[in-house]
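One structure is given below, encoded as structure tokens.
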Amino acid sequence: MEHLNDISIRYLKGIGPKRAETFAGHGIRSVEDLLYYFPRRYEDRTKFASIAMLREGESQTIKATVTVSSERRSWRRKGFSITQAVVDDRTGRLECVWFNQPYMKQYLKPQSTVILYGKPQRYAGRLQMSNPEFELVSDEGADESLNIGRIVPVYTVPSGIGQRSFRRLMREALDKYVAHLSDFLPSGVRAAQELYDLRRSIANIHFPENEEVRGRAYARLAFEEFFLFQVPLIMRKVRRKQVSGIRHSTSGKLVDGFIRGLAFTLTESQQQVLEEISSDMAASQPMHRLLQGDVGSGKTVVATAAAMMAIQGGYQAAVMVPTEILAKQHYEKISAQVSGVRVGLLTSGLSKKDHEKAIREIGGGTIDLVIGTHALLEEDVRFSKLGLVVIDEQHRFGVGQRALLPRKGHNPDVLIMTATPIPRTLAITIYGDLDVSAINGLPPGRKPVSTQWITEDRREWLYQIVRREAKAGRQVYVVYPLIEESYAMDLLSAEKMYEEFKARTFRDLNVGLIHGRLKQQQQDAVMAEFKHGRIDILIATTVLEVGIDVANATCMVIEHADRFGLSQLHQLRGRIGRGAHASICILVSEARTEEARARLEAMVSSNDGFVIAEEDLKIRGPGEYFGSRQHGLTGLRIGNPLTQMQLLKKAREEAVRLVSQDPDLKDPGNRPLKLKIVQRFPEYERLSVAG
Ligand code: ADP
Ligand code: MG
């Protein structure tokens with residue numbers, strides 16, 4: 001038989017062209033995709049809860065008969081419908097309501113049997129379920145063996161198909177094809193870790209015989225994900241150690257002078273990290289190190305010191321940052337900090353003349369240290385002797401982009417930096433191809449930012465705080481979300497707020513506005529005004545997110561705070577609390593969803609980037625968190641690195657062992673594994689497995 005990844009789901013009953021298209025939207029095209037489409041949760045329907053014994057506030061499943069149902073429009077909110085039903089399971093009656101799901105009415109016919117899953121809450125003295133998940137039980141005689149009397153899978157179903165049909169489809173796919181799955185995990189690994197084989201795991205992740213078997217199926221599949229993900233990382237790491245790079249002489253006048261010349265002393269943590277970097281740079285293999293550290297922890301200084309190490313031996317260093325503003329700011333700051341070093345700037349915003357000049361000087365070696373944006377990646381940028389590459393805010397660049405700059409030298413040392421740190425143990429595995437350093441804590445003398453979350457009704461109070469800070473000579477950021485889907489509207493509200501502030505609310509103060517639609521020159525002008533204290537209140541969109549450094553800014557207001565992701569909120573907050581004065585961050589949001597509330601609460605309760613990152617991972621779940629561009633990886637569907645740390649460690653150990661025995665996966669026994677890796681992580685074929 002063909003490989004299951006080459007067999008279209010169209011070969012299954014009930015999948016026509018239209019359904020195939022919706023399924024494709026969920027990433028399900030082949031039979032293999034379907035078999036790897038795992039349940040979102042399970043229900044133990046070997047026993048149902050009885051209505052009489054329902055526990056308040058706990059999710060439970062009941063099976064009952066509908067006695068009455070009705071639908072009405074809400075008189076409070078226009079166009080809003082409420083569907084109600086009373087169900088009875090002979091032990092008692094329960095009222096259920098569905099908000100704004102008018103189609104529910106047609107399923108809730110009296111006498112029909114339904115399965116409901118939800119959390120009973122007390123309402124007007126009685127228990128009630130609102131918006132329970134719902135399944136209609138078939139008429140007598142139909143086969144219910146997939147849906148009742150067993151542990152039942154519940155999927156995130158593509159639209160237009162119900163849980164029951166989806167289960168039937170999955171059952172069919174399993175019956176027809178599971179026997180054709182071939183296990184690609186090396187048998188030695190499977191035996192050592194006592195893992196289920198693939199067929200048994202796939203069958204039992206969907207329709208588990210019992211809880212224990214489900215657990216083992218899960219363990220195997222999560223291990224598999226981690227393993228598939230670790231092997232190429234470790235291959236890449238091993239391969240990198242084989243090439244020879246530059247042995248920098250890391251101590252000398254330039255470095256010492258730079259460090260002595262700073263207006264402060266490096267923290268212990270900064271010194272520690274610098275030592276790690278320095279021993280990497282002195283070694284003959286190129287450095288590939290990730291430097292984690294919260295916003296404002298002082299990564300840039302460390303990176304500049306590393307640049308001095310390269311430069312004093314006659315090499316060039318390049319620092320790439322994601323935005324123009326940041327590039328300029330780094331350029332100015334670093335220029336002022338170093339002496340005896342020629343610093344250059346390269347961004348796409350330069351005039352043609354300056355741009356050409358910069359390129360000439362980079363190529364000719366008259367610039368020692370260049371700071372730039374993506375513009376550094378362009379083809380006409382050639383270095384005379386590139387010895388160190390620093391990539392700042394690495395998550396803002398794609399995997400491919402990160403790989404591009406180092407190619408402009410002969411195996412230069414590479415330092416990548418991130419301000420969205422993740423716990424160290426996790427980082428070692430997620431960034432398995434890199435060495436990891438972390439700057440812990442912030443430089444001394446900073447006052448932690450106090451964060452508050454308020455709703456609209458406290459806007460008056462909010463403006464008092466803003467006024468208080470501005471009157472005390474400090475500066476304020478007011479941040480607006482700006483997302484592509486509603487760009488025009490968002491921009492309008494930021495502009496409106498600006499007009500309103502200027503004309504009325506803060507008429508006596510200087511108000512500024514900055515957003516990405518302004519010309520670069522205008523943006524620069526506004527930022528310069530702000531830096532020089534000529535703007536008291538700056539209304540801004542997320543151009544602020546990275547790196548802006550104005551120590552006098554002590555207050556940040558984030559409007560519609562629920563529309564930002566957690567790490568983004570934390571990044572934004574990092575713009576204040578940079579000076580000696582106490583700072584305050586105020587999140588304005590009605591936060592209607594539980595997830596939004598969780599994010600805002602996390603912000604209020606912690607200032608620590610590592611804690612925030614962990615919360616973010618918890619709230620979003622590993623699939624979305626690690627699937628996002630931030631980590632450049634996709635493919636984690638069920639393996640949760642947070643809760644499955646042990647499994648992840650084991651997968652890494654096995655991967656290390658395997659790669660040490662067969663570094664290029666040339667052994668015929670490892671061929672199925674290699675094929676699977678290439679299938680699962682196409683980007684790694686280019687970057688590592690093949691390259
Ligand atoms: P990051 O790049 O990690 O966000 P920066 O390197 O921009 O942080 O540092 C933030 C601010 O702290 C800068 O103004 C920097 O000069 C200052 N700084 C860095 N290290 C120290 C230190 N050890 N003591 C005092 N201030 C420091
Ligand atoms: Mg930085």
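In each ligand, atom 1 is the first atom listed, and ligand 1 is the first ligand listed. FYI, side chains are in, hydrogens and waters are out, and symmetry mates aren't considered; it's all heavy atoms of this structure. For reference, positions follow the sequence shown, starting with 1.
Between K471 and D508 there is a salt bridge, since a side-chain N of the basic residue sits under 4.0 Å from a carboxylate O of the acidic one. Under 4.0 Å is where a charged nitrogen must lie from a carboxylate oxygen, and between D562 and R599 no such pair does.
Inclusion of G296 in the set of residues having an N or O under 3.5 Å from an N or O of ligand 1 is warranted. In terms of polar-atom proximity, defined here as any N/O pair under 3.5 Å, G298 does make such a contact with ligand 1. Here's the thing with K333: one of its N/O atoms is less than 3.5 angstrom from an N/O atom of ligand 1.
Every atom of ligand 1 with a heavy atom of T267 under 4.0 Å away is listed here by number and element: 23 (N). Every atom of ligand 1 is numbered from 1 in the order shown, and the set under 4.0 Å from a heavy atom of V301 is 6 (O), 19 (C). Listed by number with element, the atoms of ligand 1 under 4.0 Å from a non-hydrogen atom of T300 are 2 (O), 5 (P), 6 (O), 7 (O). Interface of T265 with ligand 1, defined as ligand atoms under 4.0 Å from a residue heavy atom, comprises 22 (C), 23 (N), 24 (N).
Side-chain atoms of R342 and T366 include no donor-acceptor pair closer than 3.5 Å. For H570 and D616, the side-chain atoms include no donor-acceptor pair closer than 3.5 Å. Inspection of the E276 and S437 side chains reveals an N or O donor paired with an N or O acceptor under 3.5 Å. With no hydrogens or angles considered, no side-chain donor-acceptor pair links Q475 and D536 at under 3.5 Å.
Only the backbone of D294 comes within 4.0 Å of ligand 1, counting heavy atoms alone; no side-chain atom from C-beta on gets that close. When non-hydrogen atoms are compared, ligand 1 lies under 4.0 Å from the side chain of Q270 (C-beta onward) but not from its backbone. Residue contacts with ligand 1, taken as heavy atom pairs separated by less than 4.0 Å, involve L266 solely via the backbone atoms N, CA, C and O.
Counting only residues at least two apart or on different chains, the side chain to side chain donor-acceptor pair (under 3.5 Å) pairs with a member in residues 258-271 are T267-Q270.
With sequence neighbours excluded, no residue satisfies salt bridge (Lys or Arg N to Asp or Glu O under 4.0 Å) with K447.
Residue contacts with ligand 1 include S297, since one of its heavy atoms falls under 4.0 Å from the ligand.
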